[in-house]
Amino acid sequence: MKYQFSFRNISQKFTRPVITNHGVWEIRESVIIRLIDIKGKISWGEIAPISWFGSETLEEALDFCHQLPREITSEIIFEIILKIPDKLPACQFGFESALENLQENHESLNYHHLNFSGLLPAGKAALNQWQNLWKQGYKTFKWKIGVNDITEELAILNLLIDQLPESAKLRLDANGGLDDNAAKLWLEKCDNFPNKIEFIEQPLPVDKFSEMLELSNYYSTKIALDESVATLQQLENCYQQGWRSIFVIKPGIVGSPSRLRKFCQQHQIDVVFSSVFETAIGRQAALKLAAELSSNHRAVGFGINHYFTGSIPNV
Ligand SMILES: O=C(O)CCC(=O)c1ccccc1C(=O)O
Ligand SMILES: [Mg+2]
């Protein structure tokens, strides 16, 4: 008896383009995979790479899917899936979570205890968007910085801090787009609002690890690594090199879920789980890991402002 494997490339338009330091992102493409086991049980998985973030490209993911047989014997399916190379981390996540879904008897996973962080648009649009999210129950917001001129952004931050309710928390995400001076200006500014700013995410580029370590020791505002820990290998490296502040983990591109579990169980890290703008398929698998492995109070970064237009296409 054999497992059936199929896959499809899908593409969805963001309701509002996502603007980061890397540019404007309008369409999310991913690969939906389907496994059918010997009893006819169907399971889905999603491969949602972000190559500018350090994962494989969509083409590499599709190439990997193309070279797999459409029928896989039960003897070798685990071998294939557990041996996907580390250079294909989004594939590792998609296939391993699809296989896990097949092995589970019921999907009664409860992640309703998680707090969610809402994603604000970059620039001054944030000023008239947070209210919507607040009404929906979000208490933590994330705002992209390093997109416009720093003077302008610092002025918007002042307004945002004035406007936000007392109990609201704000995260700033620079996507590695600051230089040393700008990072210091932002951190100095944030140190004035210790009860408002939860952390600054990835202030400097990935190759500036020791500089970020230094900044995290000097300023009281916390720094969260994101691009620097995009994959498990990078996560393990940064931990070995002494990072003990916050780690952002994006299950969708970090790699093998079982290896991620092992890492999080071995090391008590301060972690924030975050989306890669996946569809409901990848989101469910990622939130399952977040619910299992979040050892702290931090809101998960699965905001809603990136909802896609239309419904998920048939696969
Ligand atoms: O969904 C969310 O709320 C946050 C997700 C997010 O910001 C993100 C999503 C895709 C790629 C990069 C990033 C990022 O954190 O930089
Ligand atoms: Mg980030």
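Whatever order the structure lists ligands and atoms in, that order sets their numbers, starting from 1. Throughout, residue positions are numbered sequentially from 1 according to the sequence presented.
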Looking only at distances, can you tell me whether any N or O atom of [X], backbone or side chain, sits closer than 3.5 Å to an N or O atom of ligand 1?
X	result
Ile50	no
Lys250	yes
Glu201	yes
Lys142	yes

query: Just one of Lys169, Lys142, Arg171 clears the side chain to side chain donor-acceptor pair (under 3.5 Å) bar with Glu198, so which one?
result: Arg171

Nearest 0.5 Å please: distance from the [atom1] atom of [X] over to the [atom2] atom of [Y].
X	Y	atom1	atom2	result
Leu82	Ser258	CG	OG	6.0 Å
Leu289	Ser97	CG	OG	8.0 Å
Asp173	Glu227	CG	CD	6.5 Å
Glu153	Leu160	CD	CG	11.5 Å
Leu185	Asp180	CG	CG	10.5 Å
Thr20	Lys144	OG1	NZ	6.0 Å

task: Please find out if less than 6.0 Å separates the ring center of Phe64 from that of Phe95.
output: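 Yes: the rings meet the under 6.0 Å criterion.
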
For [X], atoms of ligand 1 separated by under 4.0 Å from a heavy atom:
X	answer
Phe277	1 (O), 9 (C), 10 (C)
Asp226	14 (C), 15 (O), 16 (O)
Leu119	3 (O)

query: Can you tell me if Glu201 has an N, O or S atom under 2.8 Å away from the Mg ion (ligand 2)?
result: yes

Between [X] and ligand 1, find which residue part has any heavy-atom pair under 4.0 Å and reply side chain, backbone, both or neither.
X	result
Ser275	both
Asn175	side chain
Asp173	side chain

query: Nearest to the Mg ion (ligand 2), which N, O or S atom of Asp226 do we find?
result: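 Distance check against the Mg ion (ligand 2) picks out OD2 in Asp226.
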
- request: Tell me which N, O or S atom of Asp173 sits nearest to the Mg ion (ligand 2).
  value: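 It is OD2, the N, O or S atom of Asp173 closest to the Mg ion (ligand 2).
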
query: Are more than 12 heavy atoms from other residues, nucleotides or ligands located less than 6.0 Å from atom CD of Glu214?
result: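 It does not: Glu214 CD has 12 such atoms or fewer within range.
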
- request: Test the Arg70-Tyr3 pair against the cation-pi criterion, namely NZ or CZ under 6.0 angstrom from the six-membered ring centroid and within 45° of the ring axis.
  value: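 Geometry flag: not set, cation outside 6.0 Å or 45°.
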
- request: Could you tell me if any non-hydrogen atom of Gln202 lies under 4.0 Å from any atom of ligand 1?
  value: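 Per 4.0 Å heavy-atom rule, Gln202 does not contact ligand 1.
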
Shortest heavy-atom approach to atom 14 (C) of ligand 1 - which of Glu278, Arg171, Glu227, Lys144: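 Nearest option to atom 14 (C) of ligand 1, by heavy atoms: Lys144.
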
